[in-house]
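All chains are named by letter (A, B, ...) in the order of the sequence lines, taking the proteins before the strands, and each is independently numbered beginning at 1.
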Protein chains: 2
Amino acid sequence: MTEVFITDDHPIVLDGLRNLLETSEDILPAGIFQNGTDTLKALKEREPDVLLLDINLPDINGIELSKQIHDTYPELKIIILSVHNEKAVIRSVLQNGVNGYVLKNSIGDDILEAVRKVMDGDLYMCRQTRQIYESEDSNGPDVIPKITRREREILQLVTEGYTSAQIADKLFISPYTVETHRKNLMEKFDVNNMTAIIRYATEFKLL
Amino acid sequence: MTEVFITDDHPIVLDGLRNLLETSEDILPAGIFQNGTDTLKALKEREPDVLLLDINLPDINGIELSKQIHDTYPELKIIILSVHNEKAVIRSVLQNGVNGYVLKNSIGDDILEAVRKVMDGDLYMCRQTRQIYESEDSNGPDVIPKITRREREILQLVTEGYTSAQIADKLFISPYTVETHRKNLMEKFDVNNMTAIIRYATEFKLL
DNA sequence: TAAAAAATACCTGAAACGAGGGATGGGAAT
DNA sequence: ATTCCCATCCCTCGTTTCAGGTATTTTTTA
């Protein structure tokens, strides 16, 4: 019997998933959580075989969380269940050691299959995820760039429409420093103006 | 018996909702759809009492769709069930004649109550929605600005990082014209640079 | 505690953007 | 038939951003 933890912030989704898993003979919903903190707490008590994890959680970003959990519990199979169909998101979580990625518009069977496949030691992606993952073309970063605390702060303020001078005032630093952070951000995102970054930052919920 | 149509692009959510409605004596899930087109088609055949509608649909934007449906079937009660917790989104759909707004992180009881309340002729909002709706402070537009086809096109290209000159080249128009569109966009969103717009446009999925 | 990463600051010149105008023609709706 | 909206184009000037560096001081992390 495969024991599964489920973490998603929408009660209706949790209901749907619990029902789904209960219909199968070999899979048991062993824990249901609505945020990252509760999930981490429960893992300290008891380690299931599989964790079905959403990315948009109220407290911790699911991408970070997947890395953290994988590092602490390397035996635990993690399957991401998310609406995020951006290549950078998919590649980022897979780099974090995740074992499966299923888009939320998938049917229930895909989720059951994902659980079984990762228990066999395979990497599972639903069809659409695989397509996106393999697509070479595309614009935008291949993975989500890692940005520092200060960079996130500057990005936040740029997104709110503040100029470098205004940001410098707010943070009590030199405008030159703000400019440097901007330049570093543009380099990390591989673009040549801030407008192009904001789209990704909002899309990836980096702010 | 209250007949309910449900439209949401996630099968798992649909399952959860169907189960939820079936637990109640007085509410009947009468139709389940994964996109706007199917919903419109079904409405031509048969009109339920209530439509539970998601905003993020693959084919038609739920905000537009709610307006269209309300105009055609004014008797039909529409309840929006969405992750969008932005004031501008809530106010926009309510202006479209929607009868209820429930956030997706609500519990099942909230949804059942929403159905019953709107059948009584009341406007229903879950607690969190009401809070956001009533919040006077806040930054950002109160409703989602209506932008023209051309403006959307320019906004799209700005978001992708193109300069005005590059956009002018692409669209075979004068850079002056591009500048004019930018200015009109900034006026509509009530901001003074494009960066501030992109955040909303991405958040509201205007692109 | 040594090395790496992050945050800070400075300089210059070119390119792009924003604020503030005015103006015209075409098409849709009333 | 006329008004309104949309898309188009033009001009100027000041501000802001971007690209190209270099360099020092804190923090973190290994």
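Rounded to a whole Å, the CE atom of A/Met194 is 14 Å from the P atom of C/dG18. Rounded to whole Å, the distance from CZ on B/Phe172 to P on D/dT8 is 13 Å. Here the P atom of nucleotide D/dT16 and the CG atom of B/Asn192 are 10 Å apart, to the nearest Å. Computed from coordinates, the A/Ile167 CD1 to D/dT17 C1' distance equals 12 Å when rounded to whole Å. Atoms CD1 (A/Ile197) and C1' (D/dT17) sit 13 Å apart, rounded to a whole Å. With rounding to whole Å, A/Asn193 atom CG is found 8 Å from D/dA19 atom P. Between A/Lys146 atom NZ and D/dT29 atom P the separation is 14 Å, expressed in whole Å.
Ion pairing between B/Lys117 and B/Asp120 fails under the 4.0 Å rule for side-chain N and carboxylate O. Contact check on A/Lys67 versus A/Glu64 returns no salt bridge, with no Lys/Arg side-chain nitrogen under 4.0 Å from an Asp/Glu carboxylate oxygen. A/Arg127 and A/Asp110 are not joined by a salt bridge, as no carboxylate oxygen comes within less than 4.0 angstrom of a charged side-chain nitrogen.
Of all the heavy atoms in A/Ile144 and A/Ser92, the pair that sits closest is N-OG, 2.9 Å. Scanning both residues, B/Ala168 and B/Ser174, for their nearest heavy atoms gives CB-C, 3.9 Å.
Under a 3.5 Å cut-off, the side chain of B/Asp49 and the backbone N or O of B/Glu3 do form a donor-acceptor pair.
Near DNA chain C, meaning a heavy atom under 4.0 Å away, the residues from residues 147-159 of chain A are A/Thr148, A/Arg149, A/Arg150. The stretch residues 173-189 of chain A comes close to DNA chain D through A/Glu179, A/Arg182, A/Lys183, A/Met186, each having a heavy atom under 4.0 Å from the strand.
Nearest nucleotide to the side chain of B/Ser164, out of D/dA19, C/dC17, D/dC18: C/dC17.
The aromatic rings of B/Tyr200 and B/Phe189 lie parallel to each other, with less than 30° between the two planes, well short of the 60° mark.
The one candidate from A/Val4, A/Asn99, A/Val115, A/Val98 that meets the side chain to side chain contact (heavy atoms under 4.5 Å, CB included) condition with A/Lys77 is A/Asn99.
Under the 4.5 Å side-chain criterion, counting only non-hydrogen atoms from C-beta, A/Ile132 is not in contact with A/Met125.
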